[in-house]
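Shown next, in C-alpha cells, is the structure this report addresses.
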Amino acid sequence: MKALDELTFDNRFARLGDAFSTHVLPDPLDEPRLVVASDAAMALLDLDPAVAQTPVFAELFSGHKLWEAAEPRAMVYSGHQFGGYSPQLGDGRGLLLGEVYNAAGEHWDLHLKGAGMTPYSRMGDGRAVLRSSIREFLASEALHALGIPSSRALCVIGSSTPVWREKQERGAMVLRLAPSHIRFGHFEYFYYTKKPEQQAELAEHVLNLHYPECREQPEPYLAMFREIVERNAEMIAKWQAYGFCHGVMNTDNMSILGITFDFGPFAFLDDFDAHFICNHSDHEGRYSFSNQVPIGQWNLSALAQALTPFISVDALKEALGLYLPLYQAHYLDLMRRRLGLTTAEEEDQKLVERLLALMQNSGVDYTLFFRRLGDESPALAVARLRDDFVDRAGFDAWADQYKARVARDGEYSEEQRRARMHAVNPLYILRNYLAQNAIAAAESGDDSEVRRLHEVLTKPFEEQVGMEQYAQRPPDWGKHLEISCSS
Ligand code: AMP
Ligand code: MG
C-alpha cells in the first residue's frame, strides 16, 4: 500500500511533445471537499484507501497541489460530432496529470476533469459541475462492476466555486483513470490536419504501449485496427445486453481501447425501449439505444478513414466487416446467459427478439424482468411475470417456447439455475432517478447518499440486506428525467 506521495510517474504521452498536448496547470476550486472515493480504484494505484480521508487528497484532486513528477497536459484531438466533422476539439476542461504505474506494472492515466480553461476550451469555462461529476463517477464504477469495459473513477471533489449552467451550480472535479485517454479523434486530428509524421508517431505510441501483441503480426497496424473493431463490438454488445445508453457516441468520445468513455447524458433503460433517446439534445435520435449498434460501426469507419495512410482500404473494409458478426455473437451469447441458457440453438435469436418486442409493447422493466426470471423455476417465474405484460396471449406463447427451450438445455437444479442467472442479471443498476436523488442530497451538502449508492452498485449481482429501495422500478417523477448536455 502506498501513501499519496509515493506514486511513481512515467509520463509517456507528455513526452510525445507539444504537437500532441499543451502544458497547462489546473485551476484550483475553492473549499474542496471529498464527496466520494472508490476503494477499488484506489487499489489500481496501490493507494491505501485511508488516504482519501486526508486533506491533501482533496487538495491534489481539486488542483491545489501537484506531485513534482506530474506533467499536466491538455491533449489535442478532433472528431465527428453528430455526424459532422469538428476540426478542433481537445481537452477543454480536463487535464492528463500524468501516468502512474502500479506494483503489477500497469500504467494508469490520471485525468482531472473540470480542471479549468485550456487552449481547447473554445467557448467553455473549463469547469464541470457537481451533478455531472457524480454521474461520471457512479457510471464508471457501476459499469466496471457489471463487467462492461469502462474508464474508472478515483474520486469526486466538490467545492464552493460557482459555475454557471442553466442556473448557478457548484464546480467539482472527477479524477478519471484509464490505461489511455487516446480517442478515435486523436487519429482523426492528425489525419485531417495533414501531419503524417505526428500521425505515425501516434500510431507507434498506441501500438507499442497498448497493442504490443499486434507487433508480432505480419501487418501490425491492421492487426491493431482489427483488435479495436473486436473490442468495440464486444463493448457495444454489453451495452445492448444490459440496457446502457451512452448518449453521445461522437468519435471524440470513443476510446482507442474499446472502453466506455466520456459520460454525458447516459442512462440505463428502466422500461425496455429500443428507441430510447437519453440525450435530449439528440433530436434525430442518432444515438438512440438501438442505433448504438450501427453507430459503433460508423465510428469505426471514421477511424478507418484516418488510418488509410497506414493500411490499405481493402484490408480496412475487411476488418470493418468483422464488426456486425462479432457484435451479434457476443450479444446473443450474453442474452442466452441472461435467459439462463447454457447451450446454443439456431432459434435463440428469435426467442430474444420476441421477448424484447413483448417487453417494449408493455413497458416492462428490463433489469428486474431478467432478475425475477432467475428467482424460481421457469414455470413459476413466467407465471409470476405474466402480469407485467399487456399482451398476455403473446407472453404465454413466448413462455411456452421458453420453457421448452430450457427443458432442452440440460439438467440442472433450481439452485444452480438461480446462481448462474443471478451472476449475470444484476439486481441494482444506476437508474437515473437514483443518481438524481443522490445528486440532490449532495447539492445540499449531504454526500452520504452518493456514497451509499456507489457501495450498492459495486456489487450489482449480490442481494444486499436493507437495500431493497435501490432495486425498484422508478417512481413516476423519475421515469423520463431530462438530462442536459451542459455538464
Ligand atoms: P463532451 O461533450 O463533454 O464530450 O465535450 C466535447 C468537447 O467540448 C470537448 O473538447 C470538451 O473538452 C469540450 N468541453 C465540454 N464542456 C466544456 C467546458 N465546460 N469548458 C470547456 N470545454 C468544454
Ligand atoms: Mg468528450
Side-chain angles (χ1 to χ4, degrees), residues 20-22 24-27 29 63 72-97 109 111-137 139-140 150-151 153 156 159 161-176 178 180-190 192-193 245-257 259-267 277-283 286-287 295 299 302-303 483-487:
F20 296 84
S21 64
T22 307
V24 181
L25 286 173
D27 183 5
L29 293 172
R73 311 282 299 191
M75 301 166 111
V76 62
Y77 51 82
S78 62
H80 281 84
Q81 299 187 309
F82 290 92
Y85 185 63
S86 302
Q88 168 86 70
L89 296 165
D91 289 332
R93 55 164 167 172
L95 294 173
L96 180 61
L97 295 181
D109 279 8
H111 182 101
L112 193 59
K113 194 163 172 179
M117 304 252 267
T118 77
Y120 314 111
S121 297
R122 296 177 296 163
M123 309 300 282
D125 58 6
R127 290 304 189 194
V129 293
L130 183 61
R131 76 186 140 80
S132 70
S133 306
I134 290 173
R135 280 171 53 83
E136 170 139 5
F137 175 91
S140 319
S150 174
S151 59
V156 175
S159 79
T161 303
V163 172
W164 280 95
R165 294 295 180 258
E166 282 94 8
K167 57 182 174 43
Q168 187 186 295
E169 301 189 41
R170 300 290 170 191
M173 294 190 196
V174 59
L175 194 283
R176 178 164 65 193
S180 169
H181 276 65
I182 297 174
R183 308 149 190 261
F184 289 12
H186 277 85
F187 283 93
E188 293 181 279
Y189 175 77
F190 292 107
Y192 288 105
T193 53
C245 201
H246 180 285
V248 204
M249 288 175 72
N250 294 333
T251 56
D252 53 302
N253 292 338
M254 302 308 291
S255 157
I256 204 73
L257 301 179
I259 60 178
T260 316
F261 203 69
D262 260 18
F263 295 89
F266 70 85
I277 302 166
C278 63
N279 180 350
H280 83 121
S281 327
D282 181 8
H283 307 293
R286 179 178 172 87
Y287 300 136
I295 288 292
N299 287 342
L303 175 62
I483 304 299
S484 123
C485 228
S486 67
S487 57

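Numbers here are sequence positions counted from 1. The figures here come from the full heavy-atom set of this structure, side chains too, leaving out hydrogens, waters and symmetry mates. Order of listing sets the numbers, starting from 1, for every ligand and every atom in it. No experiment lies behind these values; they were computed from the predicted model shown.
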(message) I'd like to know if the side chain of Asn250 and the backbone of Phe82 have a donor-acceptor N/O pair within less than 3.5 Å.
(response) yes
(message) If the cut-off is 4.0 Å to any non-hydrogen atom of Tyr77, which atoms of ligand 1 fall inside it?
(response) 9 (C), 10 (O)
(request) Under 4.0 Å from a heavy atom of Arg165: give me the atoms of ligand 1 that qualify, with their elements. (result) 19 (N)
(message) I'd like the name of whichever of Ser78, Ala74, Gly90 reaches closest to atom 10 (O) of ligand 1 through any heavy atom.
(response) Gly90
(request) For the pair Ser159 (side chain) and Gly171 (backbone), establish whether a donor and an acceptor sit closer than 3.5 Å, ignoring hydrogens and angles. (result) yes
(request) Check whether any N, O or S atom of Asp262 sits under 2.8 Å from the Mg ion (ligand 2). (result) yes
(message) Give the atom numbers and elements of ligand 1 that come within less than 4.0 Å of a heavy atom of Ser121.
(response) 21 (C), 22 (N)
(request) Indicate yes or no for a side-chain donor-acceptor contact from Tyr77 to the backbone of Gly90 under 3.5 Å, with no hydrogens or angles considered. (result) yes
(request) If the plane angle is over 60° it's perpendicular, under 30° parallel, otherwise tilted; pick one for His80 and Tyr85. (result) tilted
(message) For Val163, is there any backbone N or O sitting under 3.5 Å from a side-chain donor or acceptor partner on Arg127?
(response) no
(request) Give a yes or no answer on whether the side chain of Thr118 reaches the backbone of Asp91 with a donor-acceptor pair at less than 3.5 Å. (result) yes
(message) Arg93 versus ligand 1: do any nitrogen or oxygen atoms come within less than 3.5 Å of each other?
(response) yes
(request) Go through ligand 1 atom by atom and flag the ones less than 4.0 Å from a non-hydrogen atom of Gly126. (result) 18 (C), 19 (N), 20 (N), 21 (C)
(message) Taking 4.0 angstrom as the limit and counting only heavy atoms of Asp262, give me the atoms of ligand 1 inside it, by number and element.
(response) 4 (O)
(request) Output yes when the distance from some N or O of ligand 1 to some N or O of Gly92 is under 3.5 Å, and no in every other case. (result) yes
(request) Please indicate whether any nitrogen or oxygen in Val248 is less than 3.5 Å from any nitrogen or oxygen in ligand 1. (result) no
(message) For ligand 1, which is the ligand I care about here, please tell me if Asn253 has any N or O atom under 3.5 Å from one of the ligand's N or O atoms.
(response) yes
(request) For Arg183 and ligand 1, answer yes if some heavy atom of the residue is under 4.0 Å from a ligand atom, otherwise no. (result) no
(message) For a quick test of reading the model, state the closest non-hydrogen atom pair linking Ser133 to Val156 and the distance between them.
(response) O-CG2, 3.6 Å
(message) Keeping Ser21 on the side-chain end and Met75 on the backbone end, is there a donor-acceptor pair under 3.5 Å?
(response) no
(request) Would you confirm whether Asn299, through its side chain, and Met254, through its main-chain N or O, come within 3.5 Å as a donor-acceptor pair? (result) no
(request) May I ask you to check whether Asp125 has an N/O atom sitting below 3.5 Å from an N/O atom of ligand 1? (result) yes
(request) Would you confirm whether Arg93, through its side chain, and Lys113, through its main-chain N or O, come within 3.5 Å as a donor-acceptor pair? (result) no
(message) Tell me if a side-chain donor or acceptor on Arg176 pairs with a main-chain N or O of Phe261 at a distance below 3.5 Å.
(response) no
(message) Show me which atoms of ligand 1 lie under 4.0 Å from any heavy atom of Arg127.
(response) 19 (N)
(message) Can you tell me if Gly264 contacts ligand 1 (heavy atom of the residue under 4.0 Å from the ligand)?
(response) no
(request) May I ask whether Arg122 places a heavy atom under 4.0 Å from ligand 1? (result) yes
(message) Regarding Asn253, does it place an N, O or S atom less than 2.8 Å from the Mg ion (ligand 2)?
(response) yes
